There are 2 protein chains.
Amino acid sequence: MKSSEKTFTAIVETAYRMFSEYGIAKTTYSMIAEEVGISKPSIYYYFKSKEELINYIFEEVCKAIEFSAFFTLKNFTKDNFKDELVAVGFRMIEEQAKDKHFNRVIQEYLLLASRNKKYIQRFEMVQQEFLVGFEDLLKRGSDLGVTSSVNVHAKAHMLAMILDNIGNFMLLDVKIDYKQVWIEAVATIIRDEV
Amino acid sequence: MKSSEKTFTAIVETAYRMFSEYGIAKTTYSMIAEEVGISKPSIYYYFKSKEELINYIFEEVCKAIEFSAFFTLKNFTKDNFKDELVAVGFRMIEEQAKDKHFNRVIQEYLLLASRNKKYIQRFEMVQQEFLVGFEDLLKRGSDLGVTSSVNVHAKAHMLAMILDNIGNFMLLDVKIDYKQVWIEAVATIIRDEV
DNA sequence: GTCTATAAAAAGATAGAC
DNA sequence: GTCTATCTTTTTATAGAC
(Lines give C-alpha, C1' and ligand atoms only; values in the text may rest on other atoms or scores of the structure.)
Protein backbone atom coordinates (compact mmCIF):
# COMPACT_ATOMS: atom_id res chain seq x y z
CA MET A 1 0.00 0.00 0.00
CA LYS A 2 1.33 3.40 -1.01
CA SER A 3 1.89 6.04 1.63
CA SER A 4 -0.90 8.21 0.23
CA GLU A 5 -3.34 5.29 0.36
CA LYS A 6 -2.39 4.74 3.97
CA THR A 7 -3.17 8.35 4.80
CA PHE A 8 -6.45 8.14 2.90
CA THR A 9 -7.48 5.03 4.81
CA ALA A 10 -6.42 6.53 8.13
CA ILE A 11 -8.51 9.63 7.48
CA VAL A 12 -11.59 7.61 6.52
CA GLU A 13 -11.32 5.21 9.45
CA THR A 14 -10.64 7.95 11.95
CA ALA A 15 -13.52 10.03 10.62
CA TYR A 16 -15.85 7.03 10.81
CA ARG A 17 -14.92 6.41 14.42
CA MET A 18 -15.25 10.08 15.33
CA PHE A 19 -18.60 10.40 13.57
CA SER A 20 -19.73 7.70 15.95
CA GLU A 21 -18.11 9.11 19.07
CA TYR A 22 -18.94 12.79 18.62
CA GLY A 23 -21.48 12.93 15.81
CA ILE A 24 -20.95 14.10 12.25
CA ALA A 25 -21.63 17.76 12.99
CA LYS A 26 -19.23 17.93 15.92
CA THR A 27 -16.41 16.10 14.20
CA THR A 28 -13.95 18.65 12.75
CA TYR A 29 -11.01 18.45 10.41
CA SER A 30 -8.82 19.59 13.30
CA MET A 31 -9.87 16.63 15.41
CA ILE A 32 -9.34 14.15 12.58
CA ALA A 33 -5.97 15.66 11.66
CA GLU A 34 -4.71 15.48 15.22
CA GLU A 35 -5.83 11.88 15.62
CA VAL A 36 -4.31 10.80 12.29
CA GLY A 37 -1.14 12.75 13.00
CA ILE A 38 -1.17 15.09 10.01
CA SER A 39 -1.95 18.76 9.57
CA LYS A 40 -5.46 19.95 8.96
CA PRO A 41 -4.93 21.23 5.39
CA SER A 42 -3.52 17.83 4.41
CA ILE A 43 -7.00 16.38 4.63
CA TYR A 44 -8.13 18.78 1.91
CA TYR A 45 -5.80 17.00 -0.49
CA TYR A 46 -7.98 13.88 -0.13
CA PHE A 47 -11.38 15.43 0.51
CA LYS A 48 -11.84 18.92 -0.83
CA SER A 49 -14.57 19.65 1.72
CA LYS A 50 -16.07 18.16 4.83
CA GLU A 51 -19.19 17.40 2.83
CA GLU A 52 -17.20 15.26 0.43
CA LEU A 53 -15.81 13.25 3.33
CA ILE A 54 -19.30 12.81 4.74
CA ASN A 55 -20.53 11.64 1.33
CA TYR A 56 -17.72 9.13 0.97
CA ILE A 57 -18.38 7.49 4.33
CA PHE A 58 -22.11 7.50 3.61
CA GLU A 59 -21.57 5.42 0.50
CA GLU A 60 -19.33 3.00 2.41
CA VAL A 61 -22.01 2.57 5.06
CA CYS A 62 -24.73 1.99 2.46
CA LYS A 63 -22.76 -0.78 0.81
CA ALA A 64 -22.32 -2.48 4.18
CA ILE A 65 -26.03 -2.61 4.95
CA GLU A 66 -27.40 -3.85 1.66
CA PHE A 67 -29.87 -6.72 1.93
CA SER A 68 -27.83 -8.76 -0.51
CA ALA A 69 -24.87 -8.51 1.84
CA PHE A 70 -26.73 -10.79 4.21
CA PHE A 71 -29.48 -12.69 2.43
CA THR A 72 -29.17 -15.09 -0.49
CA LEU A 73 -32.61 -16.26 -1.55
CA LYS A 74 -31.31 -19.46 -3.13
CA ASN A 75 -29.94 -20.66 0.20
CA PHE A 76 -33.46 -21.05 1.58
CA THR A 77 -35.00 -24.50 1.10
CA LYS A 78 -38.05 -26.26 2.46
CA ASP A 79 -35.95 -28.10 5.03
CA ASN A 80 -33.73 -25.30 6.27
CA PHE A 81 -36.05 -22.30 5.86
CA LYS A 82 -36.66 -21.48 9.49
CA ASP A 83 -33.14 -22.31 10.63
CA GLU A 84 -31.61 -20.29 7.82
CA LEU A 85 -33.80 -17.28 8.60
CA VAL A 86 -32.87 -17.49 12.25
CA ALA A 87 -29.19 -17.89 11.35
CA VAL A 88 -29.07 -14.88 9.04
CA GLY A 89 -30.72 -12.73 11.68
CA PHE A 90 -28.17 -13.95 14.22
CA ARG A 91 -25.36 -13.04 11.84
CA MET A 92 -26.70 -9.49 11.50
CA ILE A 93 -27.13 -9.13 15.25
CA GLU A 94 -23.57 -10.33 15.82
CA GLU A 95 -22.14 -7.98 13.21
CA GLN A 96 -23.89 -5.05 14.85
CA ALA A 97 -22.75 -6.06 18.31
CA LYS A 98 -19.16 -6.45 17.09
CA ASP A 99 -18.75 -2.98 15.63
CA LYS A 100 -19.84 -0.62 18.35
CA HIS A 101 -19.62 2.37 16.01
CA PHE A 102 -21.84 0.92 13.33
CA ASN A 103 -25.28 1.67 14.80
CA ARG A 104 -24.41 5.18 15.80
CA VAL A 105 -23.04 6.09 12.39
CA ILE A 106 -26.13 4.61 10.74
CA GLN A 107 -28.37 6.70 12.97
CA GLU A 108 -26.30 9.79 12.22
CA TYR A 109 -26.81 9.24 8.51
CA LEU A 110 -30.47 8.35 8.96
CA LEU A 111 -31.03 11.79 10.44
CA LEU A 112 -28.94 13.44 7.75
CA ALA A 113 -30.95 11.60 5.12
CA SER A 114 -34.24 12.66 6.63
CA ARG A 115 -33.19 16.27 6.00
CA ASN A 116 -31.28 15.99 2.77
CA LYS A 117 -32.59 14.93 -0.62
CA LYS A 118 -29.14 13.86 -1.74
CA TYR A 119 -28.97 11.14 0.89
CA ILE A 120 -32.60 10.20 1.20
CA GLN A 121 -32.84 8.55 -2.18
CA ARG A 122 -29.88 6.25 -1.61
CA PHE A 123 -31.12 5.31 1.83
CA GLU A 124 -34.61 4.62 0.59
CA MET A 125 -33.07 2.25 -1.96
CA VAL A 126 -31.45 0.26 0.83
CA GLN A 127 -34.58 0.35 2.97
CA GLN A 128 -36.76 -0.68 0.03
CA GLU A 129 -34.39 -3.49 -0.92
CA PHE A 130 -34.80 -4.84 2.58
CA LEU A 131 -38.58 -4.68 2.56
CA VAL A 132 -38.84 -6.26 -0.89
CA GLY A 133 -36.15 -8.78 0.04
CA PHE A 134 -38.11 -9.97 3.05
CA GLU A 135 -41.28 -10.06 1.03
CA ASP A 136 -39.68 -12.21 -1.66
CA LEU A 137 -38.31 -14.43 1.05
CA LEU A 138 -41.71 -14.93 2.65
CA LYS A 139 -43.28 -15.53 -0.75
CA ARG A 140 -40.70 -18.23 -1.35
CA GLY A 141 -41.46 -19.65 2.09
CA SER A 142 -45.12 -19.62 1.22
CA ASP A 143 -44.45 -21.41 -2.09
CA LEU A 144 -42.40 -23.99 -0.24
CA GLY A 145 -45.28 -24.40 2.17
CA VAL A 146 -43.32 -23.47 5.27
CA THR A 147 -44.73 -20.00 5.95
CA SER A 148 -48.23 -18.65 6.05
CA SER A 149 -49.50 -17.13 2.81
CA VAL A 150 -51.72 -14.49 4.40
CA ASN A 151 -50.60 -10.93 4.97
CA VAL A 152 -47.16 -11.66 3.57
CA HIS A 153 -46.66 -7.94 2.99
CA ALA A 154 -47.23 -6.84 6.57
CA LYS A 155 -45.38 -9.83 7.99
CA ALA A 156 -42.33 -9.03 5.87
CA HIS A 157 -42.39 -5.42 7.04
CA MET A 158 -42.70 -6.58 10.62
CA LEU A 159 -39.56 -8.69 10.31
CA ALA A 160 -37.69 -5.82 8.68
CA MET A 161 -38.70 -3.50 11.49
CA ILE A 162 -37.58 -5.81 14.24
CA LEU A 163 -34.20 -6.50 12.69
CA ASP A 164 -33.76 -2.84 11.89
CA ASN A 165 -34.60 -1.66 15.36
CA ILE A 166 -32.28 -4.04 17.14
CA GLY A 167 -29.54 -1.60 16.25
CA ASN A 168 -31.55 1.21 17.78
CA PHE A 169 -31.95 -0.65 21.04
CA MET A 170 -28.27 -1.58 21.11
CA LEU A 171 -27.47 2.14 21.01
CA LEU A 172 -28.82 2.52 24.51
CA ASP A 173 -27.30 -0.76 25.60
CA VAL A 174 -30.78 -2.06 26.40
CA LYS A 175 -30.38 -5.42 28.07
CA ILE A 176 -32.46 -7.56 25.77
CA ASP A 177 -31.87 -11.04 24.45
CA TYR A 178 -31.98 -9.89 20.83
CA LYS A 179 -31.55 -13.39 19.48
CA GLN A 180 -34.54 -14.62 21.48
CA VAL A 181 -36.61 -11.76 20.10
CA TRP A 182 -35.60 -12.73 16.58
CA ILE A 183 -36.45 -16.39 17.21
CA GLU A 184 -39.84 -15.27 18.46
CA ALA A 185 -40.37 -13.08 15.40
CA VAL A 186 -39.41 -15.85 13.00
CA ALA A 187 -41.70 -18.26 14.84
CA THR A 188 -44.70 -16.03 14.20
CA ILE A 189 -44.30 -16.27 10.42
CA ILE A 190 -43.64 -20.01 10.29
CA ARG A 191 -46.60 -22.23 9.54
CA ASP A 192 -47.35 -24.26 12.66
CA GLU A 193 -49.35 -26.96 10.97
CA VAL A 194 -46.88 -28.89 8.78
CA MET B 1 -49.68 34.88 29.84
CA LYS B 2 -46.93 37.32 30.78
CA SER B 3 -44.69 38.72 28.08
CA SER B 4 -41.67 36.87 29.50
CA GLU B 5 -43.56 33.59 29.46
CA LYS B 6 -44.43 34.21 25.85
CA THR B 7 -40.77 34.71 24.98
CA PHE B 8 -39.81 31.60 26.93
CA THR B 9 -42.39 29.51 25.09
CA ALA B 10 -41.38 30.96 21.74
CA ILE B 11 -37.74 30.10 22.37
CA VAL B 12 -38.55 26.53 23.41
CA GLU B 13 -40.92 25.87 20.52
CA THR B 14 -38.62 27.42 17.96
CA ALA B 15 -35.64 25.46 19.30
CA TYR B 16 -37.65 22.23 19.20
CA ARG B 17 -38.58 22.81 15.58
CA MET B 18 -35.04 23.77 14.63
CA PHE B 19 -33.56 20.78 16.45
CA SER B 20 -35.73 18.73 14.13
CA GLU B 21 -34.99 20.67 10.96
CA TYR B 22 -31.26 21.19 11.35
CA GLY B 23 -30.19 18.93 14.19
CA ILE B 24 -29.25 19.92 17.73
CA ALA B 25 -25.58 20.53 16.92
CA LYS B 26 -26.31 22.78 13.96
CA THR B 27 -28.99 24.83 15.67
CA THR B 28 -27.46 28.02 17.03
CA TYR B 29 -28.63 30.77 19.35
CA SER B 30 -28.35 33.17 16.39
CA MET B 31 -30.78 31.09 14.36
CA ILE B 32 -33.26 30.79 17.21
CA ALA B 33 -33.01 34.48 18.04
CA GLU B 34 -33.66 35.53 14.47
CA GLU B 35 -36.66 33.21 14.17
CA VAL B 36 -38.15 34.32 17.48
CA GLY B 37 -37.43 37.96 16.68
CA ILE B 38 -35.19 38.80 19.62
CA SER B 39 -31.46 39.35 20.01
CA LYS B 40 -29.07 36.48 20.66
CA PRO B 41 -28.07 37.55 24.21
CA SER B 42 -31.74 37.69 25.20
CA ILE B 43 -31.89 33.94 25.06
CA TYR B 44 -29.23 33.77 27.78
CA TYR B 45 -31.70 35.38 30.15
CA TYR B 46 -33.87 32.24 29.88
CA PHE B 47 -31.23 29.58 29.30
CA LYS B 48 -27.79 30.41 30.57
CA SER B 49 -26.16 28.05 28.05
CA LYS B 50 -27.07 26.05 24.99
CA GLU B 51 -26.67 22.92 27.04
CA GLU B 52 -29.35 24.08 29.46
CA LEU B 53 -31.75 24.62 26.57
CA ILE B 54 -30.95 21.15 25.23
CA ASN B 55 -31.59 19.67 28.69
CA TYR B 56 -34.91 21.41 29.02
CA ILE B 57 -36.26 20.15 25.72
CA PHE B 58 -34.93 16.68 26.50
CA GLU B 59 -37.04 16.53 29.64
CA GLU B 60 -40.11 17.73 27.73
CA VAL B 61 -39.60 15.00 25.15
CA CYS B 62 -39.14 12.31 27.80
CA LYS B 63 -42.41 13.21 29.46
CA ALA B 64 -44.19 12.94 26.13
CA ILE B 65 -43.00 9.41 25.43
CA GLU B 66 -43.63 7.74 28.77
CA PHE B 67 -45.44 4.42 28.60
CA SER B 68 -48.05 5.65 31.03
CA ALA B 69 -48.89 8.47 28.64
CA PHE B 70 -50.39 5.86 26.34
CA PHE B 71 -51.16 2.66 28.21
CA THR B 72 -53.48 2.14 31.18
CA LEU B 73 -53.33 -1.46 32.33
CA LYS B 74 -56.75 -1.37 33.93
CA ASN B 75 -58.41 -0.59 30.62
CA PHE B 76 -57.54 -4.04 29.29
CA THR B 77 -60.20 -6.70 29.87
CA LYS B 78 -60.80 -10.20 28.61
CA ASP B 79 -63.27 -8.96 26.06
CA ASN B 80 -61.47 -5.91 24.70
CA PHE B 81 -57.84 -6.99 25.09
CA LYS B 82 -56.91 -7.36 21.45
CA ASP B 83 -58.97 -4.38 20.28
CA GLU B 84 -57.59 -2.17 23.04
CA LEU B 85 -54.00 -3.16 22.23
CA VAL B 86 -54.57 -2.44 18.57
CA ALA B 87 -56.25 0.87 19.41
CA VAL B 88 -53.44 2.10 21.66
CA GLY B 89 -50.88 1.26 18.98
CA PHE B 90 -52.96 3.16 16.45
CA ARG B 91 -53.07 6.16 18.76
CA MET B 92 -49.29 6.17 19.05
CA ILE B 93 -48.86 5.84 15.30
CA GLU B 94 -51.23 8.72 14.70
CA GLU B 95 -49.51 10.93 17.25
CA GLN B 96 -46.19 10.33 15.57
CA ALA B 97 -47.58 10.96 12.12
CA LYS B 98 -49.20 14.20 13.28
CA ASP B 99 -46.06 15.89 14.66
CA LYS B 100 -43.51 15.66 11.89
CA HIS B 101 -40.75 16.95 14.15
CA PHE B 102 -41.27 14.42 16.91
CA ASN B 103 -39.40 11.43 15.49
CA ARG B 104 -36.42 13.46 14.40
CA VAL B 105 -36.01 15.13 17.77
CA ILE B 106 -36.28 11.76 19.49
CA GLN B 107 -33.56 10.36 17.24
CA GLU B 108 -31.40 13.39 17.91
CA TYR B 109 -31.68 12.80 21.64
CA LEU B 110 -31.23 9.05 21.24
CA LEU B 111 -27.82 9.72 19.70
CA LEU B 112 -27.00 12.30 22.34
CA ALA B 113 -27.96 9.83 25.04
CA SER B 114 -25.83 7.09 23.56
CA ARG B 115 -22.82 9.38 24.09
CA ASN B 116 -23.73 11.12 27.30
CA LYS B 117 -24.19 9.58 30.74
CA LYS B 118 -26.41 12.45 31.82
CA TYR B 119 -29.05 11.60 29.24
CA ILE B 120 -28.65 7.88 28.99
CA GLN B 121 -30.08 7.14 32.42
CA ARG B 122 -33.27 9.08 31.85
CA PHE B 123 -33.75 7.53 28.45
CA GLU B 124 -33.15 4.03 29.78
CA MET B 125 -35.86 4.68 32.33
CA VAL B 126 -38.35 5.43 29.58
CA GLN B 127 -37.20 2.50 27.50
CA GLN B 128 -37.33 0.17 30.50
CA GLU B 129 -40.78 1.40 31.45
CA PHE B 130 -41.93 0.46 27.99
CA LEU B 131 -40.45 -3.01 28.08
CA VAL B 132 -41.79 -3.74 31.56
CA GLY B 133 -45.11 -2.15 30.62
CA PHE B 134 -45.55 -4.46 27.67
CA GLU B 135 -44.48 -7.42 29.75
CA ASP B 136 -47.03 -6.64 32.46
CA LEU B 137 -49.62 -6.20 29.77
CA LEU B 138 -48.91 -9.60 28.23
CA LYS B 139 -48.87 -11.19 31.68
CA ARG B 140 -52.30 -9.74 32.27
CA GLY B 141 -53.38 -11.04 28.88
CA SER B 142 -52.04 -14.43 29.80
CA ASP B 143 -53.91 -14.38 33.13
CA LEU B 144 -57.08 -13.42 31.31
CA GLY B 145 -56.46 -16.31 28.96
CA VAL B 146 -56.34 -14.21 25.82
CA THR B 147 -52.60 -14.29 25.09
CA SER B 148 -50.10 -17.10 25.01
CA SER B 149 -48.18 -17.66 28.24
CA VAL B 150 -44.95 -18.86 26.63
CA ASN B 151 -42.02 -16.51 25.96
CA VAL B 152 -43.91 -13.53 27.32
CA HIS B 153 -40.61 -11.74 27.83
CA ALA B 154 -39.42 -11.96 24.21
CA LYS B 155 -42.91 -11.31 22.85
CA ALA B 156 -43.20 -8.13 24.89
CA HIS B 157 -39.84 -6.94 23.65
CA MET B 158 -40.86 -7.73 20.11
CA LEU B 159 -43.94 -5.52 20.40
CA ALA B 160 -41.90 -2.72 21.94
CA MET B 161 -39.42 -2.91 19.10
CA ILE B 162 -42.02 -2.73 16.38
CA LEU B 163 -43.84 0.22 17.90
CA ASP B 164 -40.57 1.95 18.63
CA ASN B 165 -39.22 1.50 15.14
CA ILE B 166 -42.28 2.80 13.37
CA GLY B 167 -40.93 6.25 14.16
CA ASN B 168 -37.64 5.33 12.60
CA PHE B 169 -39.29 4.24 9.38
CA MET B 170 -41.46 7.33 9.29
CA LEU B 171 -38.28 9.41 9.30
CA LEU B 172 -37.51 8.21 5.81
CA ASP B 173 -41.11 8.43 4.76
CA VAL B 174 -41.09 4.69 4.06
CA LYS B 175 -44.37 3.82 2.45
CA ILE B 176 -45.61 1.18 4.82
CA ASP B 177 -49.06 0.53 6.21
CA TYR B 178 -47.92 0.93 9.80
CA LYS B 179 -51.32 0.10 11.23
CA GLN B 180 -51.43 -3.16 9.31
CA VAL B 181 -47.99 -4.07 10.65
CA TRP B 182 -49.21 -3.38 14.17
CA ILE B 183 -52.33 -5.48 13.64
CA GLU B 184 -50.12 -8.30 12.42
CA ALA B 185 -47.84 -7.95 15.43
CA VAL B 186 -50.73 -7.99 17.88
CA ALA B 187 -52.21 -11.01 16.13
CA THR B 188 -49.05 -12.99 16.76
CA ILE B 189 -49.34 -12.65 20.51
CA ILE B 190 -53.06 -13.37 20.73
CA ARG B 191 -54.03 -16.92 21.57
CA ASP B 192 -55.65 -18.46 18.50
CA GLU B 193 -57.39 -21.29 20.32
CA VAL B 194 -59.99 -19.67 22.54
C1' DG C 1 1.84 14.99 -0.55
C1' DT C 2 2.45 17.65 3.42
C1' DC C 3 3.47 21.67 5.62
C1' DT C 4 2.97 26.82 7.79
C1' DA C 5 0.42 30.80 7.69
C1' DT C 6 -3.66 32.98 7.35
C1' DA C 7 -8.15 34.55 5.93
C1' DA C 8 -13.23 34.89 6.68
C1' DA C 9 -17.09 33.58 9.03
C1' DA C 10 -19.56 32.07 12.87
C1' DA C 11 -19.88 29.92 17.23
C1' DG C 12 -20.83 30.33 22.56
C1' DA C 13 -20.79 33.57 25.91
C1' DT C 14 -20.34 38.06 28.83
C1' DA C 15 -20.42 43.21 30.12
C1' DG C 16 -23.05 46.70 30.82
C1' DA C 17 -26.48 50.35 29.15
C1' DC C 18 -31.45 51.16 29.17
C1' DG D 1 -36.21 41.77 30.08
C1' DT D 2 -33.93 43.19 26.10
C1' DC D 3 -30.57 45.51 23.79
C1' DT D 4 -25.63 46.81 21.52
C1' DA D 5 -21.01 45.92 21.62
C1' DT D 6 -17.48 42.92 22.19
C1' DC D 7 -14.43 38.89 23.46
C1' DT D 8 -12.57 34.40 22.72
C1' DT D 9 -12.38 30.34 20.36
C1' DT D 10 -13.07 27.52 16.67
C1' DT D 11 -14.68 26.48 12.34
C1' DT D 12 -14.13 25.59 7.07
C1' DA D 13 -11.17 26.68 3.66
C1' DT D 14 -7.24 28.66 0.71
C1' DA D 15 -2.43 30.35 -0.68
C1' DG D 16 1.77 29.11 -1.40
C1' DA D 17 6.44 27.17 0.22
C1' DC D 18 8.98 22.75 0.22
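Lettering follows sequence order; numbering is per chain, from 1. These numbers were taken from a predicted model, which means no experiment stands behind them.
- Partners of B/Lys100 under the salt bridge (Lys or Arg N to Asp or Glu O under 4.0 Å) rule, at least two apart in sequence or in another chain, do not exist in this structure.
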Report task. Between protein and nucleotides 12-18 of chain C, map the contacts as a letter string: B base, S sugar-phosphate only, - none, heavy atoms under 4.0 Å, written 5' to 3'. Result -> BBB----

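- A donor and an acceptor atom, one from each side chain of A/Ser39 and A/Ser42, are located under 3.5 Å apart.
- For A/Ser42, a side-chain nitrogen or oxygen approaches OP1 or OP2 of C/dC3 to under 4.0 Å.
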For residues 126-134 of chain B, dump all side-chain donor-acceptor pairs below 3.5 Å to protein atoms at least two apart in sequence or in another chain.
residue  : atom : partner : partner atom : Å
B/Glu129 : OE2  : B/Phe67 : N            : 2.8
B/Glu129 : OE2  : B/Ser68 : N            : 3.3

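- B/Thr14 is linked by a side-chain contact (heavy atoms from CB on, under 4.5 Å) to B/Arg17, B/Met18, B/Ile32, B/Glu35, B/Val36, counting only residues two or more places apart in sequence or in another chain.
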Sequence neighbours left out, cut at 3.5 Å: what donor-acceptor pairs do the side chains of residues 108-116 of chain A make with other protein atoms?
residue  : atom : partner  : partner atom : Å
A/Glu108 : OE1  : A/Ile24  : N            : 3.1
A/Glu108 : OE2  : B/Arg115 : NH1          : 3.2
A/Glu108 : OE2  : B/Arg115 : NH2          : 2.8
A/Tyr109 : OH   : A/Ile54  : O            : 2.7
A/Tyr109 : OH   : A/Phe58  : N            : 3.3
A/Ser114 : OG   : A/Leu111 : O            : 2.8
A/Ser114 : OG   : B/Arg104 : NH1          : 3.4
A/Arg115 : NE   : B/Ser20  : O            : 2.8
A/Arg115 : NE   : B/Glu21  : O            : 3.3
A/Arg115 : NH1  : B/Glu108 : OE2          : 3.2
A/Arg115 : NH2  : B/Phe19  : O            : 3.2
A/Arg115 : NH2  : B/Ser20  : O            : 3.0
A/Arg115 : NH2  : B/Glu108 : OE2          : 2.9
A/Asn116 : OD1  : A/Lys118 : N            : 2.8

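- For B/Tyr45 and D/dG1, the shortest distance from a side-chain N or O to OP1 or OP2 is below 4.0 Å.
- Residues passing the side-chain contact (heavy atoms from CB on, under 4.5 Å) test with B/Asp83: none are found, sequence neighbours excluded.
- Distance A/Phe47 CZ to D/dA13 P: 13 Å, rounded to the nearest Å.
- Between the P atom of D/dT10 and the CE atom of A/Met31 lies a distance of 12 Å, rounded to the nearest Å.
- Taking the side-chain contact (heavy atoms from CB on, under 4.5 Å) definition, one finds that B/Ile93 meets it with B/Ile166, B/Met170, B/Tyr178, B/Lys179, B/Trp182, sequence neighbours left out.
- Taking every heavy atom of residues 4-24 of chain A and every atom of DNA chain D, no pair lies under 4.0 Å.
- Applying the side-chain contact (heavy atoms from CB on, under 4.5 Å) criterion to B/Val88, with sequence neighbours excluded, gives B/Phe70, B/Phe71, B/Phe76, B/Glu84, B/Arg91.
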